[in-house]
Each structure stands twice: as structure tokens, then as C-alpha cells.
Amino acid sequence: MRIASGDELHSARDIWERALGELQIQVNKANFSTWLSGSQGISYQDNIFVVGAPNIFVAEWLSKRLHSLIRKTLANILGKDIELEIVVCSKDQNQVASSTSSKQTDGGTSSKAKQKVFNPNYTFDNFVVSDCNRLAYAAAREVVENPGRIYNPLLIYSSTGQGKTHLLQAIGQATKNKGAKVIYTTAERFTSEFILAAREKEIEAFRGKFRDIDTLLFDDIQFMYDKKQSLQCFYQLFNELHGNNRQIIITADCHPKDMPALSNKLRSRLQCGLIVPIEPADFQTRLAILRVKADALGVPIPEEALQVIAEKMHDNVRQLEGALAYFTAQSRLSGTNITTQTVNKFLTEGNNRNEDVIIKTVADYFDLSMEEIIGKKRDRKVVLARQIAMYLMREENNDSFTKISKILGNKSHATALHGYEKIAGEINVNSNIHQQIAQIKEKINMCKTQM
Ligand code: ADP
Ligand code: MG
């Protein structure tokens, strides 16, 4: 169904007003006023409902935390399932830029989609260069200057929240500014569009939209590992573009040699260009990034407090931003300034919750309760979930096996060690486990971000 454009804005607004009414009942007051009250219904067409958030933090928070609730609420009101897109759209500004999870539905052919593809905060200028990422940064600059020449494909890999998407989008914006045709997509989006196209028998049209582009930016290929047909389609697309000297940039969570499910032919294609890692940001880098982000937010925050955040939140950069957004929201709500004491207190208390977050996230992922994971049940699903929790506590938190065994219901040290080793061994050979863990890690990081 397509609503005529005159009515579109009006009805999207009305629908969103109703949705807000219902959401107000479903989330707590502080969350509602911080995250939802400044949002707007932008458009509803082709079954895609677009919600505008006043800034990138809110857009990302909504995308990560309330996406499914909002989607369900809208589906209830509209009487059918819809796609939800959350974009940045300040009230006094017409330009719409998407948050990282937005969907581009037509390959960038409509002017609306063209406007929405990139996050305006993810530029080269806003990227803090350090020893951790210098190589990736230089390569990214190079593919803008000399696309399709030496580094093709360029593959950037790192653990989550280290700036891959940021760099990818910076490449996209700089390339587009030079007049080239660019598509940015994620493996998840590619897969869902491919499946939709297959269902509608429109594979040719789907492939067609990539045909005359100059640069393809493909984010998070690890989310496609178990999607055989999408991978095959991607492989063909890759060959076509590469054969025509079009630039391809891909991001992943690991080196292609550690991507278990890829066919050898795709793996070797991925390895024929340049592969660069981004190392986890060190303290100085984290601090520099925090300064840039705090500046962009325009929040007064003491240097010492920034140092505390940079020191305590070392897992990934996204966490830093989440912490900043959290402290900003808190200070706005309470009308007080952010101080080193409040930051310190919060982070010290928050740090003890990492294990809880891991267990809760794993439990949710497998549709189990935390008690089941900690308990004595030994059926396959519970054991797998428990072992994944053990693995993640070790990997993400560097917990000792003694601590892990204690937290997980006083199991023996050997059980924790075995659980960890079992998953560590399987992650590189079992694509299913690899993907499950990638997804759980992503969720854990979201949770930490919102601590
Ligand atoms: P990834 O794609 O690797 O998971 P992102 O690119 O989404 O990570 O980065 C997470 C957040 O951290 C983003 O908001 C990004 O702007 C920020 N970030 C990461 N690295 C840097 C950096 N070197 N300079 C500035 N911001 C960074
Ligand atoms: Mg990313």
C-alpha cells in the first residue's frame, strides 16, 4: 500500500502520535522523556514507517533498545507488520540522515534515499587517528583517492565498536562528494532485501541497483555467514564489480581466514586485496575520542571525568559514547552538571554488573531464564548457553575460571575451563556458533552501552 504523499506526512504524524500514546504506557517515564518525546513520525509508505529522532544518540538508542517494541506497537495500530526505520531528523531542519540501522530500500535511486544513507557524524574529520587504527585510516583515505586501483577489495576487521562503520561511512561520504555513485549496505540489510527480492521474483532488479555503482560499502559481513544464497549472490556481485574495477570495501569481525562458513572461492576473493585490522582503542585513543564526542554533544564535562570514563570503559568505543549519552541525559533530566564524582560512582557500581549482563543476554538469546543457566539442568540447549556464557565471561571480561565457576552456580573449575575451551574450539569451525556469539556479543555491548 502506498499512501499519497499529501496525506503521507499527515497520517505518519497521526499514526506516530497514537504510537507515542501507547509507548508512554509501556516504557518508564524517564526513558520516555529522554528518548521518545522528541521523536516524530516522518513518513509511512511502501510498508516502511520512518521515525525521526532529534540526534544520532537518540536514533541509535531507539534503534538498539526499542526497535522491536516500536515496531510491534506500530504493527498493532496499522493492523499489519511493517518495516521500521529510525533516522536523525531535527525539527528545525529538513535534512534527514539515517542512524546506523536505517534501511535503504531502493539502492539510492530516489532522492530521499540518497539523503538518508550516511550518518553525518561519521566523517574522516571526526575520526581520531592513532596507532590502533592508522593503517585502516590510511587505506580508507587511499580508496577514496584512488578507487578501484590498488586496495581492492579493502577489508577492515576488528571487534565490535572500534570504528569500522565510522570509517566505512567516511569513505562513502568522501567518495560521494567526488561525484561517484556509492552504495552503503550491511550484510543484514543485503540479506533481507535479497530474500524479499527472491520472494517477489525481482532478483534482477535487486542486482541491477548495484550494477552501475562505483563503490560498494559492505558492512559486517559476519552477519551473513549462514546465508548461503545471499553469500552466493554477494559473490557474483563482488566478481562483477571487481571485474569492472569498482571499489569494494568490506568490514568484518575477523580476518577472512577465520571466517568458517565462507566458500573457499569467496574467501580467496576477499583476500586478494588489502586486509587491515583495527586494534582495540588504547587509553589515549579512547580519551581523544571522548573529547571529540563530548565537543560534538556540546556538554560541559570535566576532563577528569572523561579520563575516568576512558579508563573504566575499555571494551569498545561505542560504550564510551553510550556512557556520555547516559551522563548527558541524566544531567539534563536532573538539571545538574556532570561531575567526576557522579561518573566515578556510577561506573564503579556499574562495573560489577558485567557478568549479570552476559548471563542475562545469553539467557534471553536462548529463551532461557538466568536461573536455568546458573542451575543444574543438563539438556543440550542449557549446556550450550552455559558454555557460551563461560566463554564470554572469559573473553569479554577476562574473568578467572574460579570466578566464572562460582558465578555460574558453583560449578567446578574444570567445568568452566572445559566450557570455555569447547566454545573457543568450535567458534572457528562452526559457523552457527560463530554467528550466535557475534549476535550475543553485539547485544551485550548494547546493554553495556546503556548501563
Ligand atoms: P564498529 O562498526 O567497529 O562496531 P562503529 O564504527 O560503529 O564501530 O563505532 C562505534 C562508535 O565509536 C561510533 O559512534 C564511532 O563514531 C565511534 N568511534 C570508534 N572509533 C572511533 C575513532 N577512532 N574516532 C572517533 N570515533 C570513533
Ligand atoms: Mg559497525
Side-chain angles (χ1 to χ4, degrees), residues 53 55-64 88 97-102 117-141 154-173 184-190 217-224 249-255 276-297 306 309-310 313-326 328 396 437-450:
N55 60 52
I56 189 69
F57 289 112
V58 175
E60 291 194 344
W61 197 93
L62 291 175
S63 301
K64 286 163 192 169
V88 179
S98 76
S99 80
T100 44
S101 70
S102 73
V117 182
F118 295 112
N119 179 334
N121 298 314
Y122 291 177
T123 60
F124 284 123
D125 284 347
N126 291 344
F127 192 80
V128 172
V129 185
S130 73
D131 287 346
C132 314
N133 56 38
R134 198 176 307 280
L135 220 55
Y137 176 83
R141 284 287 193 175
L154 169 63
L155 191 145
I156 302 173
Y157 72 95
S158 78
S159 55
T160 182
Q162 300 297 348
K164 297 186 295 295
T165 297
H166 187 138
L167 266 188
L168 204 56
Q169 295 231 344
I171 295 171
Q173 301 187 62
Y184 165 86
T185 192
T186 65
E188 277 176 314
R189 187 186 309 167
F190 184 85
L217 306 159
F218 200 83
D219 211 355
D220 286 330
I221 195 170
Q222 70 272 17
F223 291 123
M224 211 165 71
I249 304 114
I250 298 165
T251 68
D253 67 345
C254 63
H255 192 285
V276 279
I278 300 181
E279 303 297 341
D282 56 22
F283 173 74
Q284 287 303 337
T285 310
R286 296 199 297 275
L287 187 59
I289 292 173
L290 270 174
R291 286 199 194 106
V292 170
K293 301 282 176 187
D295 262 7
L297 272 174
L306 292 180
I309 302 176
M313 311 207 82
H314 40 71
D315 288 351
N316 79 54
V317 176
R318 195 175 294 130
Q319 263 180 292
L320 299 174
E321 275 199 281
L324 258 191
Y326 176 87
T328 307
E396 299 278 287
I437 290 182
Q439 284 166 343
I440 293 170
K441 273 192 182 169
E442 193 79 8
K443 287 190 204 304
I444 290 173
N445 282 314
M446 299 304 172
C447 289
K448 286 189 186 165
T449 304
Q450 318 305 336

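For ligands, and for the atoms within them, numbers begin at 1 and follow the listed sequence. The shown structure was predicted, so the numbers you read here are calculated from the model rather than taken from an experiment. As a basis for the values below, the full set of heavy atoms in this structure was taken, side chains included, without hydrogen atoms, waters or symmetry mates.
Using a non-hydrogen distance threshold of 4.0 Å, Asn133 registers as a contact of ligand 1.
The backbone N or O of Asp131 sits nowhere less than 3.5 Å from a side-chain atom of Glu279 that would complete a donor-acceptor pair. Remark: the backbone N or O of Ile156 is not paired with any side-chain donor or acceptor of Thr251 at under 3.5 angstrom. In this structure, Lys164 contributes its side chain and Ile250 its backbone to no donor-acceptor pair below 3.5 Å.
Of the N or O atoms in Gly161, one or more lie within a sub-3.5 Å distance of an N or O in ligand 1. When only interatomic distances are considered, the shortest N/O to N/O separation between Val317 and ligand 1 does not fall below 3.5 Å. At least one N or O atom of Gly163 sits closer than 3.5 Å to an N or O atom of ligand 1. Backbone and side-chain nitrogen or oxygen atoms of Thr165 are examined, and one is located within less than 3.5 angstrom of a nitrogen or oxygen of ligand 1.
Contact between Ala136 and Pro277 at its shortest, heavy atoms only, is CB-O, 4.2 Å. The two atoms that bring Phe190 and Thr185 nearest to each other are N-OG1, 3.8 Å, heavy atoms only.
Of all atoms in ligand 1, listed by their number and element, those nearer than 4.0 Å to a heavy atom of Gln162 are 1 (P), 3 (O), 8 (O), 19 (C), 20 (N). The contact set between ligand 1 and Thr160, taken as ligand atoms under 4.0 Å from a residue heavy atom, comprises 4 (O). Below 4.0 Å from some heavy atom of Asn126 lie the following atoms of ligand 1, by number and element: 24 (N), 25 (C).
Residue contact annotation: Thr165 places an N/O/S atom under 2.8 Å from the Mg ion (ligand 2).
From Gln222, atom CD reaches atom CD of Gln439 across 9.5 Å, with rounding to the nearest 0.5 Å.
Distances from atom 26 (N) of ligand 1 to the heavy atoms of Arg291, Lys293, Gln169 put Lys293 nearest.
One side chain, Asp219 or Thr165, offers a donor N or O that lies under 3.5 Å from an acceptor on the other.
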